[in-house]
Amino acid sequence: MARNVLGGELEICGTDPMTGFYRTGCCDTGGEDSGVHTVCAQVTAEFLEFSAERGNDLSTPRPEYGFVGLRPGDRWCLCADRWVEAHQAGMAPPVVLAATHARTLEWIDLADLRKHAAVD
């Protein structure tokens, strides 16, 4: 069973839109997930703009991939290294700790994640 960064069972990140590398709603990961999509983020307009400027446009719908495009407030499993990049630039979106996979701690300190914890 997958664990979250707090040591508990990994919770669902989001299902509308459906997120996760495996499109299960969870930020689970495995050998096929070279991008390590483990950070459950509540995306902001600033983060979406930041990501687009770096070549990963998450706002534009891509129907050919079944992707509706993200809007501020949506929850999405981000690549751990993209969250680190955004954090270093002062653009990190809030994180849903209970839905963020424990493997994230290989890239990001729990203290930094806690500073950006989403408020439900």
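Within the structure, the side chain to side chain donor-acceptor pair (under 3.5 Å) test picks out the following pairs touching residues 9-27 (sequence neighbours left out): Y22-E32. Residue pairs that meet the disulfide (SG to SG under 2.5 Å) test with at least one member in residues 67-99, sequence neighbours left out, are C27-C77. The salt bridge (charged side-chain N to carboxylate O under 4.0 Å, His left out) contacts involving residues 97-109 comprise R103-E106, where partners must be two or more places apart or lie in separate chains. Pairs passing the salt bridge (charged side-chain N to carboxylate O under 4.0 Å, His left out) check and including a residue from residues 86-95, sequence neighbours excluded, do not occur.
Every residue two or more places apart in sequence or in another chain was checked for a side chain to side chain donor-acceptor pair (under 3.5 Å) with N4, and none qualifies. The side chain to side chain donor-acceptor pair (under 3.5 Å) search around R114 returns none, not counting sequence neighbours. Remark: C26 engages no residue in a disulfide bond (SG atoms under 2.5 Å apart) (not counting sequence neighbours). A search for side chain to side chain donor-acceptor pair (under 3.5 Å) contacts involving D112 returns nothing, not counting sequence neighbours. For R3, there are no salt bridge (charged side-chain N to carboxylate O under 4.0 Å, His left out) partners, not counting sequence neighbours. With sequence neighbours left out, T60 forms a side chain to side chain donor-acceptor pair (under 3.5 Å) with D57. R54 meets the salt bridge (charged side-chain N to carboxylate O under 4.0 Å, His left out) test with E85; sequence neighbours excluded.
Under the 4.5 Å side-chain contact rule for hydrophobic residues, M18 and L58 do not share a cluster. Both V84 and L97 belong to a single network of hydrophobic side chains, linked directly or stepwise wherever heavy atoms of I, L, V, M, F, W or Y lie under 4.5 Å apart. Cluster annotation: V43 is connected to V95 through the hydrophobic network of ILVMFWY side chains, with a link wherever side-chain heavy atoms come within less than 4.5 Å. The hydrophobic cluster containing L78 also contains L113, counting ILVMFWY residues as joined when their side-chain heavy atoms lie under 4.5 angstrom apart, directly or transitively.
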After noting the C-alpha distance and the side-chain angles of H101 and D28, does the key distance pass the side chain to side chain contact (heavy atoms under 4.5 Å, CB included) rule? CA-CA 6 Å; H101 195 284; D28 208 354; 3.5 Å; yes
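Between F67 and W76, the ring centre distance stays below 6.0 Å.
Within the 4.5 Å cutoff, the side chain of T44 has heavy atoms near those of the P94 side chain. In this structure, R75 and C13 have side chains that are in contact, with non-hydrogen atoms separated by less than 4.5 Å. Under the 4.5 Å side-chain criterion, counting only non-hydrogen atoms from C-beta, V36 is not in contact with D81. Contact of the V68 side chain with the P63 side chain is not registered, since no non-hydrogen atoms from C-beta on lie closer than 4.5 Å. The side-chain heavy atoms of W83 and I108, taken from C-beta on, include a pair separated by under 4.5 Å.
Between the side chain of T104 and the main chain of T100, no donor-acceptor pair closer than 3.5 Å is present.
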For residues 45-52, please give each side-chain donor-acceptor pair under 3.5 Å, one per line with the distance, not counting sequence neighbours.
| from | atom 1 | to | atom 2 | distance (Å) |
| --- | --- | --- | --- | --- |
| S51 | OG | N56 | O | 2.8 |

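A distance of 14.0 Å separates CD of Q42 from NE2 of H116, quoted to the nearest 0.5 Å.
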